[in-house]
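Here is the structure we will look at.
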Amino acid sequence: MNIRTVSEKFDLPAPTLRYYEEVGLIPPVHRNSSGYRDYDAIDLEWVNFAKCMRETDISIDVLKEYALLAQQGEQTEEQSKQILIEQQHVLEQKMQALQNTHDFLDTKIATYEQHAKQMERISEKLK
């Protein structure tokens with residue numbers, strides 16, 4: 001699969017895909033006889049993983065470390081797993097913070113709705 005198709009499939013600009021490869025977020029992509037990137041199923045899994053992780057704001061450095069370890073094989077599986085566990089905890093904290101903000105906004109919105117009802121009652125009494 002060429003870079004344009006991968007770009008469309010994952011809604012990532014081609015320069016981003018090149019960058020991911022250049023800095024080591026994904027392993028080097030095989031090149032065809034013309035020198036163009038030719039993404040295979042494993043490359044697509046890496047692209048999907050990198051995109052997913054970047055959407056959670058994982059740092060480039062952490063993602064590079066994970067990719068490097070994962071490419072080294074079974075001897076680094078425990079280290080790779082630990083990175084994912086740590087990132088899962090970070091994500092859980094972010095999700096809790098978002099939930100707290102959501103709950104706060106619910107309360108604020110309810111306050112405005114109560115205020116509007118009070119104003120309606122006052123307005124009715126004045127008529």
Side-chain angles (χ1 to χ4, degrees):
M1 191 177 290
N2 66 30
I3 196 167
R4 182 174 187 219
T5 305
V6 174
S7 174
E8 292 170 359
K9 177 178 178 66
F10 290 99
D11 194 28
L12 287 171
T16 299
L17 291 168
R18 289 185 200 98
Y19 174 75
Y20 282 4
E21 183 180 353
E22 178 184 320
V23 299
L25 301 187
I26 63 173
V29 176
H30 171 76
R31 305 286 181 126
N32 65 21
S33 60
S34 300
Y36 294 107
R37 288 171 177 83
D38 186 17
Y39 292 80
D40 63 17
I42 293 172
D43 296 324
L44 297 180
E45 288 178 25
W46 273 104
V47 170
N48 186 50
F49 177 76
K51 179 183 179 189
C52 178
M53 296 303 286
R54 289 296 297 145
E55 287 174 349
T56 67
D57 292 330
I58 187 173
S59 76
I60 297 279
D61 290 337
V62 170
L63 192 50
K64 282 170 50 176
E65 179 185 3
Y66 175 83
L68 181 64
L69 288 169
Q71 292 173 63
Q72 292 176 20
E74 291 181 14
Q75 69 270 18
T76 61
E77 281 183 356
E78 194 55 41
Q79 291 171 282
S80 298
K81 178 182 171 185
Q82 193 57 43
I83 289 172
L84 295 181
I85 290 169
E86 290 169 9
Q87 291 309 306
Q88 188 176 46
H89 290 307
V90 169
L91 185 56
E92 288 168 352
Q93 291 171 343
K94 288 179 182 180
M95 289 169 54
Q96 184 59 55
L98 287 171
Q99 185 62 54
N100 292 344
T101 301
H102 185 272
D103 294 346
F104 176 76
L105 290 175
D106 276 348
T107 302
K108 290 292 283 182
I109 291 167
T111 300
Y112 280 106
E113 290 171 355
Q114 290 171 349
H115 184 258
K117 288 178 184 175
Q118 288 173 345
M119 294 306 289
E120 283 177 25
R121 281 186 242 135
I122 291 171
S123 180
E124 289 297 319
K125 288 181 181 178
L126 295 175
K127 288 183 183 182

So how far is it from Gln87 CD to Gln82 CD, rounded to the nearest 0.5 Å? 10.5 Å

In the structure I gave you, are the side-chain heavy atoms of Lys94 and Asp57 within less than 4.5 Å of one another anywhere? yes

Linking I/L/V/M/F/W/Y whenever their side-chain heavy atoms sit closer than 4.5 Å, directly or via other members, would Leu63 and Val90 fall into one cluster? no

Taken to the nearest 0.5 Å, the spacing of Lys51 NZ from Asn48 CG works out to 8.0 Å

Using 0.5 Å steps for rounding, measure from the CD1 atom of Ile58 to the CD atom of Glu86. 9.5 Å

Heavy-atom closest pair (Ser80 atom, Ala70 atom, distance to 0.1 Å) is OG-N, 3.7 Å

Return yes when atom CG of Asn32 has more than 12 non-hydrogen atoms of other residues, nucleotides or ligands closer than 6.0 Å, and no otherwise. yes

Is there a side-chain contact between Arg31 and Asp38 (heavy atoms, below 4.5 Å)? no

Say whether, by atom type as modelled, one donor and one acceptor occur between the side chain of Thr101 and the main chain of Ala97 under 3.5 angstrom. yes

Rounded to the nearest 0.5 angstrom, the CD-OG1 distance for Gln88 and Thr56 is 11.0 Å

Shared hydrophobic cluster, Val62 / Trp46 (ILVMFWY, side-chain heavy atoms < 4.5 Å): yes

Is Val47 linked to Leu68 within one hydrophobic cluster, defined over Ile, Leu, Val, Met, Phe, Trp and Tyr using a side-chain heavy-atom separation of less than 4.5 Å? no

If Ile, Leu, Val, Met, Phe, Trp and Tyr residues are connected whenever their side-chain heavy atoms lie under 4.5 Å apart, and connections chain through other members, are Val23 and Val6 in the same group? yes

Determine whether Phe49 and Leu91 fall in the same hydrophobic cluster, where Ile, Leu, Val, Met, Phe, Trp and Tyr are linked whenever their side-chain heavy atoms lie under 4.5 Å apart. no

Can a donor-acceptor pair be found, under 3.5 Å and without considering hydrogens, that links the side chain of Thr111 to the backbone of Thr107? yes

Minimum side-chain heavy-atom gap Leu98-His102 below 4.5 Å: no

Interatomic distance, CG@Asp40 vs NE2@His30, rounded to 0.5 Å, equals 8.5 Å

Contact list for residues 12-24, test side chain to side chain donor-acceptor pair (under 3.5 Å), sequence neighbours left out: Glu21-Arg37

Neighbour count above 12 (heavy atom, 6.0 Å) for Ile42 CD1: no

Straight-line distance of Tyr66 OH to Ser59 OG, nearest 0.5 Å: 14.5 Å

Decide, yes or no, whether a salt bridge links Glu113 with Lys117 under the criterion of side-chain N to carboxylate O below 4.0 Å. no

Looking only at non-hydrogen atoms, find the nearest pair between Ile26 and Leu17 and report the distance. CD1-O, 4.2 Å

For residues Ala67 and Gly24, report the shortest heavy-atom separation together with the two atoms involved. CB-O, 3.3 Å

Report yes if some heavy atom in the side chain of Gln71 is under 4.5 Å from a heavy atom in the side chain of Pro28; otherwise report no. yes

Heavy-atom side-chain contact between Gln79 and Ile83 under 4.5 Å: no

Does atom CD of Glu74 have more than 12 heavy-atom neighbours, drawn from other residues, nucleotides or ligands, at distances under 6.0 Å? no

